[in-house]
Structures are given as structure tokens and as C-alpha cells.
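I have placed the structure first, in the form of C-alpha cells, so that the comments after it can refer back to it.
Keep in mind that what you see is a predicted model, and the values were worked out from it rather than measured.
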Amino acid sequence: TTLLFKSQGCVPRTSEMNHFLRYCTSMNIVILAAGMGKRMHSRLPKVLQPLAGRPMLDHVLSAVDALATEKVVVVGHCAQEVKDHYEGQSGLRFVLQMPQLGTGHALMQAWPALDKAQSHTLVCLGDVPLLSSATVEKMKAQAKGDDLVLLTVNLDQPKGYGRIVRNAQGQVTSIVEEKDATDEQRAIREVNTGIMLLPTARLDGWLKRLSNDNAQQEYYLTDLIGFAAQDGVAISTVQPDHVYEVEGVNSKVQLVTLERVWQRAQAQRLLEAGVTLIDPDRIDIRGELVCGRDVEIDVGCIFEGHVELADGVRVGAYSVIRNAKIEEEVEILPFCHFDGATVGKASRVGPYSRLRPGAELKGNNHIGNFVEVKKSVVGLDSKVNHLTYIGDADIGQRVNVGAGTITCNYDGVNKFRTVIGDDAFIGSDTQLVAPVVVGAGATIGAGTTLTRNAPEGKLTLSRARQMTIEGWTRPTKK
């Protein structure tokens, strides 16, 4: 692909490469997401139930994202709610299945929306969230011509699953649903996962042959395998690297079980990459966590969105970090909350610090207990150590902000900024009423309410005169 771009006299951008690769490898993608999810006992549609901080359907979409620019999602129960959740997201086309008459019936509804020019159609399930892109790629690699590819798995206890029936030569001849299976067929350990890669050119004819003459009176997608065998279409099978990739979710019990499986797999990945986890069973990754070398994470930490921890970062217990970039040798003490923040090298933050969106620490900063920073830049070597709110502020280098300081940035309607120059000293219990500028090297006396700019290099303060009242006695209780 790179050579093709270079032959045209250009170097491809990543976006161009991804678009080109999708064009070359694309296929139809159908995701069955019409189920009601009765056993969830929730008003939230089943496919929107969260796993690792994202709806289950999101995980499936991510697994197949590289294979097609457009995916067809078959919805039914709470269809509008599912569509509303993905409103504005490109590459999704929703098809309604109402009533729900089985998986074969769902594919019938999707058929008019499919690109008939694509060689294959991949059918996935919206409630099987841990399918990996690597497994999908293996299925694609197995497909040749008008082959049909099944994703199967061997289970010690296959109860509830459709069985893969093979002939004496080991060739797949059909899938039999458990309720329709004989005792001999129920003993088969290889089962159907519901995920399959079908030759598009054959689909129209096969769908027209489907019947609901079975115990459930439904149109089974699995009947297509029998049609393929009858028509002489080659049927091959692929198995996932991990059984959990094909485990479905129908209840909160199954959901939380898969949540722990997912989290343990992420912890294993981090450990193998050299990250120190004090307890691998007490970490939650609800997004993407990228770690450098010699990173240490204590117990109970939660990572959401995209988080980067550079070399030598230490994260204290029970911290919650969302969409943040933490640079080298930063120490985060316990019980910190970061959201949309950047923390510069060799800084020390916490305990009980909160960095809100737009907080940027330039480096070697001390942000202490019960300090909140929002939409502010804190310069190199500056310290904000105790019980302080910094909002909409630009703080220079080597600034010391005393305990109990507040940047009063909001007048009830508009927000205003506070600017503090290099080497300034802000005394404890100071209110900086924005918009206001503190000059470089200025000192603000403790207890000051600053409403006008403070000049460089001078002491500025505002206090009521201290008095002692002679002859005063404390009241006594009558």
C-alpha cells in the first residue's frame, strides 16, 4: 500500500492509509442487536449495558472497525434509544427487526441494506462484547472464494449452545440447536458462537429457503450452514485465542463476570509489559491505558478514556484518572481525581487533589491535599499545597500559593482569568477577584482580598485593623 502511494509521488497520512486499507479489505458487517435483555432487569437496552466503561455494542464495533467503513446494526427492543445513543456517529446504518423472529429473520431485515458487491458478510452479536479484532482477522484470512467461515469453540459444558455436526471426514454439515438436538448430538463439545462469515452472493437464495419449522418457531441463522453443505460450499472453522471472546451476556451476573475477565486480561497485559501492579485484581481500566517503563500502580485505581503514564510514574491507591497525560517521574498520592489534565515531569500531586479539564502543570510542581485546579496553567517549580481553588488562572514559575487561596473567577454570569507572575508569593487565605494581575515577584499578604492589580516586587495587602477590646467579657449561659 505504501509503495502504491509513493508511486503517485506522495507519502500517505495515517488517515489515508486507514481509508485505503478499509477499501481493500472491506466486507459487509451485520451486528445483531435487537434483543430485549429481560434478565438484565434494567430500563437500559441490553447492548448499551456498560462493560469496562463502554456499551457492549461499542466493543463489537471496535473489533470490526478495520474491516468496513459502514456497519449495519439490526435493532428491535428500545431501537430508538440505541439509535439515539449513536446519533452523529458515521458509518452506522440501523435496520429495524420487529417482531423478533430469530437470528435468520434478523439477517433477512438487514439484507436489503447490504452491499451485494462485497464478497463476504460478517455476522456478529451485539451482546458478545469481547470478540477481538485478531479473531475477526483470522476469520477473514480463512475465507476464500465463496467459502463460509464459522467461529466455533470447544466447551467442557456446552449446555445451551448449538452443536457443530461433522461427517466422518470431519467436514461441517450442520448446526443443531440444543432444543432440537438428539442425545448423541448434545454430547458434542464443539459449539456454535453465532459469529460467522457468509458468502454474500449465496445469501439471497439461502435466506429465501429459511423455515421456522422448529421447536422455537423461529428462523435460525444456523440453518444456512446446512444449506451451504447441501450446495457444496466449503465450510471452515476458526477458534478464538480465548473462550471469553465468544461468551454472551444475558444478565447482570454474566456482565460482571465478563467485566472481571476483561479487567484481569488488561492487568495481565500491563504486567507482561513491565508495569508494577500492587494487586492485579484491584484495577479498573475503562478505556485505553498506555504505560512507559517502571510505572507503579497501587490498589483500587480507575483509568477512564485515554490515559498516558510516562516512565517512572507512581499512582497512589484509589485514584481516578480520566483522559490525562502524566509525564516522567510524577508521583500521584492516594485519592486523587484527574480529568482532562496534563501533569509535567517530576511533579508531586495529592493526596486528595483534583485536577479538572484544562489543568496543566508544567513540571516539578507540588499540588497538595484538597487542592482543585481547573482550566489553569501552573508554571515550572510552582507550588499550591493546601486547601486551595485555582480556576481560570495563569500561574508563572516559582510561585508559592498559600493555604486557603481562592481565585474568584465567576461573577454569577461570566468567567474571568487571574494572572500571577513569576516568583510571586500568595499569602494564606487570599481571595484573588478576577480579572486581576499579580506582578512578578509580588507578595500578597495573608488574608487579602485582591480586587485590583498588584504591582511587581511589592507587598500588597488588605486587612481590617486589628483591635483588642478592653473590659470585654464572654457571655455566660443563663
Side-chain angles (χ1 to χ4, degrees), residues 14 18 21 49-67 124-125 127-141 151 153 193 195 238-249 254-332 334 336 338-339 341 343:
T14 301
N18 289 342
L21 286 170
Q49 296 287 334
L51 186 147
R54 300 164 57 201
M56 288 196 290
L57 183 54
D58 271 16
H59 290 271
V60 182
L61 291 169
S62 294
V64 300
D65 186 55
L67 296 181
C124 297
L125 306 177
D127 60 359
V128 180
L130 298 189
L131 178 68
S132 72
S133 56
T135 294
V136 174
E137 287 290 344
K138 282 200 295 186
M139 294 180 70
K140 182 176 78 70
L151 185 63
V153 67
T193 67
I195 299 166
V238 168
Q239 296 217 341
D241 292 333
H242 307 282
V243 173
Y244 65 72
E245 289 187 41
V246 295
E247 290 185 8
V249 175
Q254 293 173 330
L255 183 63
V256 75
T257 299
L258 272 195
E259 176 77 36
R260 286 301 98 206
V261 167
W262 166 263
Q263 296 298 346
R264 198 60 177 82
Q266 301 312 298
Q268 187 70 24
R269 173 183 64 82
L270 292 173
L271 290 167
E272 291 173 354
V275 176
T276 298
L277 301 179
I278 301 305
D279 185 347
D281 290 324
R282 288 191 284 172
I283 183 173
D284 281 87
I285 300 170
R286 302 170 185 173
E288 181 182 17
L289 176 60
V290 180
C291 294
R293 299 180 63 179
D294 301 313
V295 170
E296 180 180 303
I297 300 173
D298 210 332
V299 301
C301 292
I302 299 173
F303 300 92
E304 300 179 343
H306 180 80
V307 177
E308 296 181 22
L309 305 179
D311 296 351
V313 170
R314 290 183 292 164
V315 183
Y318 302 103
S319 292
V320 179
I321 302 178
R322 178 189 298 117
N323 295 322
K325 182 177 181 180
I326 315 300
E327 296 184 359
E328 292 86 346
E329 304 301 329
V330 168
E331 182 181 10
I332 301 169
C336 287
F338 296 176
D339 182 3
V343 181

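Considering only residues two or more places apart in sequence or on other chains, Asp339 meets the salt bridge (charged side-chain N to carboxylate O under 4.0 Å, His left out) condition with Arg322. Under the rule for a side-chain hydrogen bond (donor to acceptor under 3.5 Å, both in side chains), Gln254 has no partner lying at least two apart in sequence or in another chain.
Listed for the Lys138 side chain is a donor-acceptor partner under 3.5 Å among the backbone atoms of Gln239. A distance-only check finds a donor-acceptor pair linking the side chain of Glu259 to the backbone of Ala52 [under 3.5 Å].
Looking at heavy atoms from C-beta onward, Leu67 lies in side-chain contact with Glu137 at the 4.5 angstrom threshold. Contact of the His59 side chain with the Leu51 side chain is registered, since non-hydrogen atoms from C-beta on lie closer than 4.5 Å. Residues Cys124 and Val64 meet the side-chain proximity criterion, which asks for heavy atoms closer than 4.5 Å.
To the nearest 0.5 Å, the span separating CZ on Phe303 from CD on Gln266 amounts to 12.5 Å. Annotation: the span from Ile285 atom CD1 to Ile321 atom CD1 amounts to 11.5 Å, rounded to 0.5 Å. A distance of 6.0 Å separates CD1 of Ile297 from CG of Leu270, quoted to the nearest 0.5 Å. Atom CZ of residue Arg314 and atom CD1 of residue Ile326 lie 14.0 Å apart, to the nearest 0.5 angstrom. Taking CG of Leu309 as the reference point, atom CD1 of Ile332 lies at 6.5 Å (rounded to 0.5 Å). From Arg282, atom CZ reaches atom CD1 of Ile302 across 13.0 Å, with rounding to the nearest 0.5 Å.
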Quiz item: Between Asp127 and Gln49, does a side chain to side chain contact (heavy atoms under 4.5 Å, CB included) hold up when you go through it step by step?
Solution: CA-CA 9 Å; Asp127 60 359; Gln49 296 287 334; over 6 Å; no

Practice problem: Kindly indicate, with the supporting measurements, whether the criterion side chain to side chain contact (heavy atoms under 4.5 Å, CB included) is fulfilled by Ile283 and Arg264. | Solution: CA-CA 8 Å; Ile283 183 173; Arg264 198 60 177 82; over 6 Å; no

Quiz: residues 286-295 side-chain donor-acceptor pairs under 3.5 angstrom, not counting sequence neighbours:
| unit_1 | atom_1 | unit_2 | atom_2 | d |
| --- | --- | --- | --- | --- |
| Arg286 | NH1 | Glu304 | OE2 | 3.4 |
| Glu288 | OE1 | His306 | ND1 | 2.9 |

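Tested against Thr135 for a side-chain hydrogen bond (donor to acceptor under 3.5 Å, both in side chains), the candidates Lys140, Glu245, His242 yield a single pass: Glu245.
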